[in-house]
Amino acid sequence: MATGRLGVGETLEALNAAVGPGSPVWFKETHARHLRVRDFLAPRSALQARFRDGQVPECVFRAVSCLQGPGVAPVLRCAPTPAGLSLQLQRPAVFELVLGALASYATPAKPASPGPRVVLHCPALRCNSGTLRLSQLRAVLVADHLVRVLRAHGVRVCSVPPVRDPHMSTFLQKLRVEWPTASKSTSTETLRTCVLANLNGSKEATLPPGVLGRLCLKELVEQRRAAGYDPSIDHCLVTEDVLSVLSELQEAVRHWPEGGHPGPAGRPDAGVDDCVVIHVVSCEEAFQQQKLDLLWQKLDDRAPHKQKHLVCGPVKMAGVPGTQLTAPQYYRLRHAQVCEASALKHGGDLAQDPAWTETFDILSVATIKFEMLSTAPQSQLLLAHSTISTKGTKSGTFVMYNCARLATLFEGYKHGMEQGLYPTFPLVSSLDFSLLHDEGEWLLLFNSVLPFLDLLSQTVSLAGTPGLHIPVRTEMVCKFLVQLSMDFSSYYNRVHILGVSIQQGGSAGNVGKAEHTGNEDAPGCFSFRNLGHTSLVRCLLAYSF
């Protein structure tokens, strides 16, 4: 019997424990062809390595068939097959358990106790928006994504630096990037005093203009060699700009700002033991950021010891020789291409229609974010200069198109219900989920709804990551959304979710499937089977980008 929120990880853990000590042998099926007959498989080769002659003891069969525990999905049957040990879940029960507690599958549970505070630092946001490079734009979008994921898991995050350039703030608003702003700079007086003390009153005659001094970092690099700092780092030239950067970081750590959501605001001397600083930088900024990291530790004995670096790989645009586009130029290019592609699809000059303005803005941002996040951040990214197509299935436009389909579906049902055309949505517990036999229904639940939170937690991990660099898997979320959109699109094109209204002659007790006509307002009967469909897809908007 399942208890609490069902989880793929918990079920796999229980299955492997039932087999006995040793390496894991079970894995979750994902392909539609395999899911027609099973949900989990222990391959024959793995069983042969675990048991003599591959003969699974009877006690293992019994343990697997009677599997129970927190988060463990209810088992229907377990049987040997030519492929190995095959297991199928009680699918109607899983449908009911998941859709009856949908919020717990769409939103991560808040931690019982506060975890580490995270200061997330993105140096690119100190630049002029007009000269922002594509690699810096990538760092900004990765940082924004990281903030959202961490806060979704209840982590207290403070974003640094606060944006002071109004043009940068406007550009971030276009990109739907939420970042704090500020009107004044922090004081650098204390840090300047520390610099002068470290110089011991000596001053080099050959220092460039505007440089306060040159501080040696070689000793710190040697002490932290195992962490992964660049061994070629020798010294750092200290300027007012450098001190300003360190002052902002120092302020965020010691005086937790009101923007450091969630958690107590403005707590002075919050301590550094529970604080992690993550520097999200472009590859061009990585070396300098390591210097600033070490300089901070040299000047401030209360600087956090846990500092991680996420270095985003270079970004190139194919077909653009010589000078690369700036971030604003890239945005204007994609926006123009979205307008052009939509005009070809729908006809007319829609870019001049005010009703389409916000739609084009949203589609442009979705396209840009998918391009920037669908490749692992540490890898090089090659962007296409060619025109955007609305027919592809691997882009943000495709995901947003299916999100719009869902929104239209729900609005149509709500409007029809208010007019008395459709019945009020019943309690999920009153629906008969054994009527759901289409393989697309199980694909959406088992491959998208059920594993979503497990996937989200795998995109970034703050616990036990050795070394200087932190791995972030933004591409996992993009791949998930693309696959979800493909599965939903296939299902939507094949099955009518609402059916006809009561006034069109449908019967609430009729569970037959109507012939598809391509119009969600004109298919066959409205039934409790249709309500089951609607209950399933109601959750999908929670996974929009």
Would you say [Y] and [X] are linked by a side-chain donor-acceptor pair, where the criterion is simply a distance under 3.5 Å?
X: Glu285; Y: Gln136; value: yes
X: Asp300; Y: Gln250; value: yes
X: Asp230; Y: Ser232; value: yes
X: Asp293; Y: Tyr229; value: yes

Do [X] and [Y] have side-chain heavy atoms sitting under 4.5 Å apart?
X: His469; Y: Gln378; result: no
X: Val472; Y: Val280; result: no
X: Thr107; Y: Leu453; result: no
X: Leu212; Y: Leu243; result: yes
X: Leu292; Y: Val242; result: yes
X: Gln483; Y: Asn447; result: no
X: His153; Y: Leu456; result: yes
X: Val245; Y: Pro161; result: no

Under the 3.5 angstrom rule, does the side chain of [X] hit a backbone N or O of [Y] as a donor-acceptor pair?
X: Lys174; Y: Ser169; value: no
X: Lys308; Y: Gly467; value: yes
X: Ser490; Y: Met486; value: no
X: Arg117; Y: Val253; value: yes
X: Ser374; Y: Phe370; value: yes
X: Gln324; Y: Lys316; value: no
X: Lys291; Y: His235; value: yes

Least distance between heavy atoms, [X] atom then [Y] atom:
X: Leu450; Y: Tyr105; value: CD1-CE2, 3.7 Å
X: Pro304; Y: Val277; value: CG-CG2, 3.8 Å
X: Pro116; Y: Val276; value: CB-CG2, 4.1 Å
X: Leu443; Y: Thr30; value: CD2-O, 3.9 Å
X: Asn402; Y: Phe488; value: OD1-CD2, 3.7 Å
X: Ala182; Y: Pro162; value: CB-CB, 3.5 Å

Evaluate whether atom [atom1] of [X] has more than 12 neighbouring non-hydrogen atoms of other residues, nucleotides or ligands under 6.0 angstrom away.
X: Glu219; atom1: CD; value: no
X: Glu13; atom1: CD; value: no
X: Glu178; atom1: CD; value: no

>> My understanding is that only residues two or more places apart in sequence, or in another chain, count here; which of them pass ring-ring contact (aromatic ring centres under 6.0 Å, His included) with Phe171?
In response: none
Quick check for you: to the nearest 0.5 Å, what is the distance between [X] atom [atom1] and [Y] atom [atom2]?
X: Gln307; Y: Leu468; atom1: CD; atom2: CG; result: 8.5 Å
X: Phe480; Y: Ser485; atom1: CZ; atom2: OG; result: 9.0 Å
X: Lys218; Y: Leu294; atom1: NZ; atom2: CG; result: 11.0 Å
X: Leu383; Y: Leu381; atom1: CG; atom2: CG; result: 4.5 Å
X: Tyr413; Y: Glu418; atom1: OH; atom2: CD; result: 10.5 Å
X: Leu141; Y: Leu172; atom1: CG; atom2: CG; result: 9.0 Å

>> Apply side chain to side chain contact (heavy atoms under 4.5 Å, CB included) to residues His385 and Leu333 and explain how you reach the verdict.
In response: CA-CA 9 Å; His385 189 272; Leu333 172 68; 3.8 Å; yes
> Looking at Val155, Leu146, Leu310, Thr474, which hits side chain to side chain contact (heavy atoms under 4.5 Å, CB included) with Val460?
Replying inline: Leu146
> Would Leu249 and Val160 satisfy side chain to side chain contact (heavy atoms under 4.5 Å, CB included), going step by step from the backbone distance to the final call?
Replying inline: CA-CA 7 Å; Leu249 290 168; Val160 177; 4.1 Å; yes
With [X], which residues qualify under side chain to side chain donor-acceptor pair (under 3.5 Å), at least two apart?
X: His167; value: none
X: Glu411; value: none
X: Gln380; value: none
X: Thr326; value: Gln329

> Does anything in residues 111-144 pair up under ring-ring contact (aromatic ring centres under 6.0 Å, His included), and if so which pairs, sequence neighbours excluded?
Replying inline: His121-His279
> Going through the distances and angles, do Trp179 and Val140 end up as a side chain to side chain contact (heavy atoms under 4.5 Å, CB included)?
Replying inline: CA-CA 10 Å; Trp179 205 269; Val140 170; over 6 Å; no
> So Arg138 and Leu134, side chain to side chain contact (heavy atoms under 4.5 Å, CB included) or not? Walk me through it.
Replying inline: CA-CA 6 Å; Arg138 187 185 195 185; Leu134 292 180; over 6 Å; no
>> The criterion is side-chain contact (heavy atoms from CB on, under 4.5 Å); which residues satisfy it with Asp361, sequence neighbours excluded?
In response: Arg176, Tyr331, His335, Thr357
>> For Ser244, give me all partners under side-chain contact (heavy atoms from CB on, under 4.5 Å), at least two apart in sequence or on another chain.
In response: Thr188
Mind checking what makes salt bridge (charged side-chain N to carboxylate O under 4.0 Å, His left out) contact with [X], not counting sequence neighbours?
X: Arg126; answer: Glu248
X: Glu475; answer: Arg473
X: Asp487; answer: none
X: Arg405; answer: none

> Are Asp454 and Lys28 within salt-bridge range, i.e. N to O under 4.0 Å?
Replying inline: no
